[in-house]
Amino acid sequence: MSTSPSWGGPAWEKRVRSSARVRRASGKSVLVTGAAGFVGMHVAAALKRRGDGVLGLDNYNAYYDPDLKRARQALLDRAGVFIVEGDINDAALLRKLFDVVPISHVMHLAAQAGVRHALTDPGSYIHSNVAGLVAVLEAAKAADPQPAVVWASSSSVYGLNSKVPFSEADRTDRPASLYAATKKAGEEIAHVYNNIYGLSITGLRFFTVYGPWGRPDMAYFFFTRDILRGKPVSIFEGPDHATVARDFTYIDDIVRGCVAAVDHAGKSTGSGGKKHGQAPFRIYNLGNTSPVSVSDLVSILEQLLKVKAVKKFVKMPRNGDVQFTHANIKLAEKELGYHPTTSLHSGLKKFVRWYLDYYSTSLSKQASEEDRSISS
């Protein structure tokens with residue numbers, strides 16, 4: 001027995017058109033996949049603020065707290081961004097979106113994130129990061145005119161490289177995790193669609209993005225939670241107690257890089273599934289270029305939270321995490337005008353302020369709902 005899709009109809013189409021309507025001269029109409037995600041919400045909001053038409057797509061999966069994704073959705077809804085609920089692998093839905101509105105750019109941020117989750121659910125990475133990317137590129141290829149595509153790769157593609165800082169010209173054929181392997185596969189697949197079908201494609205290798213509305217599976221987020229609860233925080237060490245460090249990049253800096261990539265994307269050259277000229281294919285690092293040790297991260301959080309952490313130093317497990325990341329951003333500086341400006345201390349201060357406000361509000365709301373249910 002077939003079931004009708006949860007999308008479609010005149011009222012739904014009206015919302016799609018309204019959300020994607022461009023409100024500035026030379027504005028763009030952008031489909032943001034993963035719009036209820038951390039980076040997706042911030043990028044969608046930034047594009048909308050400047051007058052671009054923005055349409056979101058998200059499946060609200062339960063990899064981490066869906067309530068946080070729904071709260072992000074509510075924020076975008078108030079800003080006038082409609083998030084269509086659906087899967088990027090739904091070819092019929094993607095076709096419909098491209099039929100209803102003239103999408104000029106796709107900001108493809110939907111993905112199965114995280115390194116460690118692949119140890120328990122490897123199929124989700126193939127479904128989202130490989131098959132999902134192909135589905136988006138197929139829809140973009142078939143659209144007329146074809147949109148330009150900007151998508152999130154990852155710094156994890158540098159894998160086991162030891163030469164730092166990581167440059168776009170460095171080898172990326174030694175992934176340390178399945179997540180990294182699917183992002184590397186995505187870069188190769190994107191190259192094929194650029195080469196055969198003339199799609200303009202820009203890949204962005206993000207370096208450890210953090211900030212307000214972030215992902216609860218990231219270290220800075222759960223360190224904050226555990227420090228406040230008095231629970232031990234595990235600080236990874238490399239061989240012989242070597243430092244583990246990350247090129248932490250604040251969300252606002254990443255957003256500026258994403259928006260610049262949209263503005264510099266260049267046009268796709270295909271139509272009817274056929275290429276009619278060379279289209280741009282580019283990959284950029286978006287990092288902060290200032291790696292900070294995980295120990296220093298914890299020290300900053302202790303200062304901001306005014307709580308002493310219960311530290312537990314442990315050997316880094318063989319789960320796909322790498323010891324060190326450091327971005328060379330010269331290419332993004334030159335071609336996108338990308339200039340990160342936020343220090344880790346400054347960025348974490350904004351995150352902690354948001355965290356305390358968001359979770360105190362959530363707890364108050366939960367308590368009042370429980371009171372109402374008891375009284376009734």
Measure the shortest side-chain to side-chain distance between Val84 and Val16 over non-hydrogen atoms and say whether it is less than 4.5 angstrom. yes
Quick one: does Lys48's side chain have a donor or acceptor within less than 3.5 Å of a partner on Ser19's backbone? yes
Strictly under 6.0 Å, is that where the ring centroids of Phe351 and Tyr220 end up? yes
Within a 6.0 Å radius of atom NZ on Lys334, are there more than 12 heavy atoms belonging to other residues, nucleotides or ligands? no
Distance from Thr342 atom OG1 to Arg256 atom CZ, nearest 0.5 Å? 6.0 Å
Quick one: CG on Leu109 to SG on Cys258, what's the gap to the nearest 0.5 Å? 6.0 Å
So Asp217 and Arg116, salt bridge (charged side-chain N to carboxylate O under 4.0 Å, His left out) or not? Walk me through it. CA-CA 10 Å; Asp217 64 320; Arg116 298 165 207 173; over 6 Å; no
What closest approach, in Å, do Val130 and Ala185 show between heavy atoms, and which atom pair accounts for it? CG2-CB, 4.5 Å
How about Phe221 and Tyr355: are their ring centroids closer than 6.0 Å? yes
Do Asp173 and Lys184 sit within salt-bridge range, that is, some charged N less than 4.0 Å from a carboxylate O? no
Donor-acceptor pair, side chain of Asn288 and main chain of Tyr250, under 3.5 angstrom: no
Residues Arg17 and Glu13 bridged, charged N to O under 4.0 Å: yes
Interatomic distance, Asn59 atom CG to Asp90 atom CG [nearest 0.5 angstrom]: 11.0 Å
Are Leu356 and Trp354 side-chain neighbours, meaning at least one heavy-atom pair lies under 4.5 Å? no
Test side chain to side chain contact (heavy atoms under 4.5 Å, CB included) applied to Val192 - qualifying residues, sequence neighbours left out: Ile196
Test item: Ser200 side-chain N/O and Gly266 main-chain N/O as donor-acceptor pair under 3.5 Å: yes
Ion pair present between Asp67 and Arg72, side-chain N to carboxylate O less than 4.0 angstrom? no
Test of understanding: clusters of I, L, V, M, F, W, Y form through side-chain heavy atoms closer than 4.5 Å, transitively. Do Val310 and Phe236 belong to the same one? no
Does Asn129 use its side chain to pair, donor to acceptor, with the backbone of Ala131 at less than 3.5 Å? no
Between the side chain of Asp247 and the main-chain N/O of Phe207, is any donor-acceptor distance below 3.5 Å? no
Could you walk me through whether Glu85 and Arg70 satisfy the salt bridge (charged side-chain N to carboxylate O under 4.0 Å, His left out) test, starting with their C-alpha distance in whole Å, then the side-chain angles of each, then the deciding distance to 0.1 Å, before giving a yes or no? CA-CA 11 Å; Glu85 186 161 355; Arg70 294 294 179 183; 3.0 Å; yes
Give a yes or no on whether the backbone of Thr33 and the side-chain of Asp58 come within a donor-acceptor separation of less than 3.5 Å. no
For Gly287 against Pro340, the heavy-atom pair lying closest together: O-CG, 3.5 Å
Hey, can you tell me if Phe248 and Tyr210 have their rings parallel, tilted or perpendicular (30° and 60° cut-offs)? perpendicular
Is a side-chain N or O of Thr182 found less than 3.5 angstrom from the main chain of Tyr179, in a donor-acceptor match? yes
Would you say that Leu348 contacts Leu297 through its side chain, given a criterion of any heavy-atom pair below 4.5 Å between the two side chains? yes
On a heavy-atom basis, the closest approach of Ala190 and Leu137 is CA-CD1, 4.1 Å
Phe38 six-ring face occupied by Arg215 cation (under 6.0 Å, within 45°): no
Looking at Asp77 and Arg15, is there a salt bridge between them, counting it only when a charged N and a carboxylate O are closer than 4.0 Å? yes
Would you check if there is a donor-acceptor pair between the side chains of Glu335 and Tyr284 at a distance under 3.5 Å? yes
Could you check whether any side-chain heavy atom of Phe98 comes within less than 4.5 Å of a side-chain heavy atom of Val106, counting everything from C-beta outward? yes
Smallest separation among heavy atoms of Leu286 and Ile254, with atom names: O-CD1, 3.6 Å
Given Arg282 and Leu331, is the side-chain contact (heavy atoms from CB on, under 4.5 Å) satisfied, shown in steps? CA-CA 10 Å; Arg282 291 169 293 200; Leu331 189 63; over 6 Å; no
Looking at Gly270, is its backbone amide N or carbonyl O close enough to the side chain of Ser268 to form a donor-acceptor pair, meaning the two atoms are under 3.5 Å apart? no
Residues forming a side chain to side chain contact (heavy atoms under 4.5 Å, CB included) with Ser26, sequence neighbours excluded: Arg24
Pair His326 and Phe166, ring centroids less than 6.0 Å apart: no
What distance do Ile300 atom CD1 and Leu305 atom CG have between them, rounded to the nearest 0.5 Å? 11.5 Å
Is it true that the NZ or CZ of Lys69 lies under 6.0 Å from the centre of Tyr64's six-membered ring and within 45 degrees of the ring axis? yes
Starting from the C-alpha separation in whole Å, work towards a yes-or-no answer on salt bridge (charged side-chain N to carboxylate O under 4.0 Å, His left out) for Glu168 and Arg205. CA-CA 9 Å; Glu168 293 90 345; Arg205 294 173 178 169; over 6 Å; no
Please name the pair of heavy atoms, one in Val262 and one in Met107, separated by the smallest distance, quoted to 0.1 Å. CG2-CE, 3.4 Å
Taking the side chain from Gln146 and the backbone from Lys141, do they hold a donor-acceptor pair closer than 3.5 Å? yes
Should Val22 and Val30 be counted in the same cluster of Ile, Leu, Val, Met, Phe, Trp and Tyr side chains packed under 4.5 Å apart? no
Can Asp121 and Tyr63 be counted as having a side-chain donor-acceptor contact under 3.5 angstrom? no
Before you tell me yes or no, could you show the steps for Ile235 and Val314 under side-chain contact (heavy atoms from CB on, under 4.5 Å), namely the whole-Å CA-CA distance, both residues' side-chain angles and the distance that decides it to 0.1 Å? CA-CA 6 Å; Ile235 300 174; Val314 297; over 6 Å; no
Between atom CG of Leu93 and atom CG of Asp87, what is the distance when rounded to the nearest 0.5 Å? 9.0 Å
Quick one, Ile251 and Pro212 - any side-chain contact, counting heavy atoms below 4.5 Å? yes
Out of curiosity, Asn285 CG to Leu204 CG, how far, rounded to the nearest 0.5 Å? 9.5 Å
Worked check of side-chain contact (heavy atoms from CB on, under 4.5 Å) between Glu187 and Trp151: CA-CA 9 Å; Glu187 291 187 356; Trp151 75 287; 3.8 Å; yes
Arg171 and Asn161: side chain donor to acceptor below 3.5 Å: no
Quick one: does Asp170's side chain have a donor or acceptor within less than 3.5 Å of a partner on Ser167's backbone? yes
Presence of salt bridge, Glu302 and Lys311, under 4.0 angstrom: yes
Minimal non-hydrogen separation, Asp52 against Gly27, with atom names: OD1-CA, 3.5 Å
Please walk me through it: do Val39 and Val209 pass side-chain contact (heavy atoms from CB on, under 4.5 Å)? CA-CA 8 Å; Val39 178; Val209 191; 4.3 Å; yes
Go through it in stages, so that I can follow the logic: the residues are Ser29 and His105, the test is side chain to side chain donor-acceptor pair (under 3.5 Å), and I'd like the CA-CA distance, side-chain angles, deciding distance and then a yes or no. CA-CA 6 Å; Ser29 180; His105 292 72; over 6 Å; no
